[in-house]
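Heads up: the structure comes next, in structure tokens.
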Amino acid sequence: MLCPSNKFALQLSKYLLEKVIPRKSSIYKTVKDVSKIVSEVLHEVEVQEPRFISSLNEINGRFEGLTVVSQTEFEVVLYLNQMGVFNFVDDGSIPGCAVLKLSDGRKRSMSLWVEFITASGYLSARKIRSRFQALVAQACEKCACRDHVQLLVETSEVRLRIHDKYIVHIIPAFRCAGLWPRSASHWPFSSTQFSNWPNPNQINDVKNEGFNILSKESIYMKDKQASSEGDAWAMSFTEAEDRLLQNGTRRKCLSILKTLRDRNFDLIPITNYVLKTLILYECEKHPHEHEWCDEITLGDRLNGILLQLISCLQCRKCPHYFLPNVDLFKGKSTQVLDNAAKQCWRLTREMLINSHCLDRL
């Protein structure tokens, strides 16, 4: 328990007001500015190729399909239409990835994406990404904001540099509503174990919501030699994860951890996604709502998550919440992980022994 709890709770409230909320406000302003330029680029793409329709919309102060990776890096998911003639195949051959295969060879000509289907009947994520990159390159030259945006060409992915400061990764994707992948079939482990969190309604909502498959590079694909591996799609559970963090102080906890990270750690390898994943594991350890109800309990949850983060960094492994065979630290150097563990331990120790530590963190 962070000590002493009541004093730390007051400090936490002050930290939220003085550090966390201003950080969120600053990022929101950046997101609005960046989204305006991305929308102009995507509109120009749609003029050239109507199959790529922008799905970036602001709804109740949030931009649907946009994820904040860091204060200067963002991801935008571009949802594609008509996945219907394909079967979703998750055989586990590439951790975290799956393929889309024609349900019937005779339906090839019926697909909206016919020219991206391989001879074996797979819808190639790599081919769609390549076509989309070419369209974005043309759009960046034609759009009204061309002086403020540049396409980065060192990868096969679509990454824009905006105002020479921000990076936006635009990812073609399909929604898989009402589906649940075999790789995540273990979740939840036991309906009785998690009768409080996630409760049966949350479980049903998450599985009905489904997940997304993204046309993006995966470090696990780089381990494979066959060129066909580039046809695979990466699974994403962003909406499911956000739904599970809706109640109590869970989202507040994530905002605090992001702020502490930005002010005290190197961004790599402790990404926003790693922090979100560790909160989900903490929810399993503390499934009751009274354990996520106020700043006093929030202090204890922060302590538990930071200690778990240290353990993951020292073990050099952080399993994905829904796909435990996917390691979020894969490809990170031992030195980077060890340095992050030391930074995290210094922060955690300070929070354990000094109830006024947030004044300077």
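- A donor-acceptor pair is defined here as one N or O able to donate and one able to accept, closer than 3.5 Å; no such pair exists between the side chain of Ser130 and the backbone of Arg126.
- Residues passing the ring pair (Phe, Tyr, Trp, His ring centres under 6.0 Å) test with Phe211, sequence neighbours excluded: Phe88, Phe237.
- Ile171 shares a hydrophobic cluster with Val77, Tyr79, Leu214; the chain of contacts runs through ILVMFWY side chains whose heavy atoms sit under 4.5 Å apart.
- Ring centroids of Phe132 and Trp113 are separated by 6.0 Å or more, keeping the two rings apart.
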Asn354 and Arg349: CA distance, side-chain angles, deciding distance, side chain to side chain donor-acceptor pair (under 3.5 Å) verdict:
CA-CA 8 Å; Asn354 181 3; Arg349 183 177 55 191; over 6 Å; no
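- A donor-acceptor pair shorter than 3.5 Å can be found between the side chains of Asn212 and Glu239.
- For Gln133 (side chain) and Thr155 (main-chain N/O), a donor-acceptor pair under 3.5 Å exists by modelled atom type.
- Judged by distance alone, with hydrogens and angles left aside, the side-chain atoms of Arg161 form no donor-acceptor pair with the main-chain N or O of Leu152 at under 3.5 Å.
- Looking at Tyr166, its side chain never comes within 3.5 Å of a backbone N or O of Leu160 through a donor-acceptor pair.
- Leu257 is listed as a side-chain neighbour of Ile279, based on a closest heavy-atom distance under 4.5 Å.
- Both tests do not hold together for Lys101 against Phe86: distance to the six-membered ring centre under 6.0 Å, angle to the ring axis within 45°.
- You'll find the side chain of Pro188 reaches within 4.5 Å of the side chain of Ile203, heavy atoms only.
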Could you give me the CA-CA distance, side-chain angles and deciding distance for Arg175 and Glu209, then say whether salt bridge (Lys or Arg N to Asp or Glu O under 4.0 Å) is met?
CA-CA 9 Å; Arg175 294 184 189 270; Glu209 180 82 22; 5.1 Å; no
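- Residues Tyr281 and Gln308 form no side-chain contact, since every pair of their non-hydrogen atoms from C-beta on lies 4.5 Å or further apart.
- Looking at Arg23 and Asp262, their side chains come closer than 4.5 Å, going by heavy atoms from C-beta outward.
- Ring geometry for His320 versus Tyr273: interplanar angle of 30 to 60°, hence tilted.
- Residues satisfying the ring pair (Phe, Tyr, Trp, His ring centres under 6.0 Å) test with His288, not counting sequence neighbours, are His290.
- Linking ILVMFWY side-chain heavy atoms closer than 4.5 Å, directly or via other members, places Ile53 and Leu56 in two distinct hydrophobic clusters.
- For Asn339, the side-chain contact (heavy atoms from CB on, under 4.5 Å) partners are Gln335, not counting sequence neighbours.
- For residues 246-260, every residue pair satisfying the salt bridge (charged side-chain N to carboxylate O under 4.0 Å, His left out) rule, not counting sequence neighbours, is listed here: Asp242-Arg251, Arg250-Glu289, Lys252-Glu295.
- Judged purely by atom type and a 3.5 angstrom limit, Asp327 has no side-chain atom pairing as donor or acceptor with the backbone of Pro319.
- Environment of CZ in Arg62: sparse, with no more than 12 heavy atoms of neighbouring residues, nucleotides or ligands closer than 6.0 Å.
- Among residues two or more places apart in sequence or in another chain, the salt bridge (Lys or Arg N to Asp or Glu O under 4.0 Å) test is passed with Glu282 by Arg301.
- Relative to the ring axis of Phe116, Lys127 does not place its NZ or CZ within 45° and under 6.0 Å from the centre.
- Remark: Arg182 pairs with no residue by the salt bridge (Lys or Arg N to Asp or Glu O under 4.0 Å) rule, at least two apart or across chains.
- Counting heavy atoms from C-beta outward, Gln202 and Asn247 have side chains that approach closer than 4.5 Å.
- When side chains are defined from C-beta on, Leu278 does not count as touching Leu280, because their heavy atoms never get closer than 4.5 Å.
- Annotation: salt bridge (charged side-chain N to carboxylate O under 4.0 Å, His left out) contacts involving residues 133-144, sequence neighbours excluded, are absent.
- For residues 307-322, every residue pair satisfying the salt bridge (charged side-chain N to carboxylate O under 4.0 Å, His left out) rule, not counting sequence neighbours, is listed here: Arg316-Asp338.
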Between Glu75 and Lys216, is a salt bridge (Lys or Arg N to Asp or Glu O under 4.0 Å) present by the stated rule, with each step listed?
CA-CA 11 Å; Glu75 284 186 354; Lys216 64 184 295 188; 3.5 Å; yes
Kindly indicate, with the supporting measurements, whether the criterion side chain to side chain contact (heavy atoms under 4.5 Å, CB included) is fulfilled by Ile128 and Leu80.
CA-CA 10 Å; Ile128 284 184; Leu80 308 177; 4.2 Å; yes
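- Annotation: side chain of Phe74 is not in contact with side chain of His169 (no heavy-atom distance under 4.5 Å).
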Side-chain atoms of residues 28-37: list all donor-acceptor pairs with protein atoms under 3.5 Å, sequence neighbours left out, distances to 0.1 Å.
unit_1: Tyr28; atom_1: OH; unit_2: Glu58; atom_2: OE2; d: 2.5
unit_1: Thr30; atom_1: OG1; unit_2: Ser26; atom_2: O; d: 3.2
unit_1: Asp33; atom_1: OD2; unit_2: His163; atom_2: NE2; d: 3.0
unit_1: Ser35; atom_1: OG; unit_2: Val31; atom_2: O; d: 2.7

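- Residues Gln150 and Cys140 form no side-chain contact, since every pair of their non-hydrogen atoms from C-beta on lies 4.5 Å or further apart.
- Cluster partners of Leu307 are Ile310, Trp345, counting Ile, Leu, Val, Met, Phe, Trp and Tyr whose side-chain heavy atoms approach within less than 4.5 Å, directly or via other members.
- The ring pair (Phe, Tyr, Trp, His ring centres under 6.0 Å) test applied to Phe63 returns no partner, not counting sequence neighbours.
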Stepwise salt bridge (Lys or Arg N to Asp or Glu O under 4.0 Å) check, Glu157 with Arg129:
CA-CA 7 Å; Glu157 298 184 329; Arg129 192 163 63 242; 5.2 Å; no
Going through the distances and angles, do Arg360 and Glu350 end up as a salt bridge (Lys or Arg N to Asp or Glu O under 4.0 Å)?
CA-CA 10 Å; Arg360 53 192 179 86; Glu350 185 71 11; 2.3 Å; yes
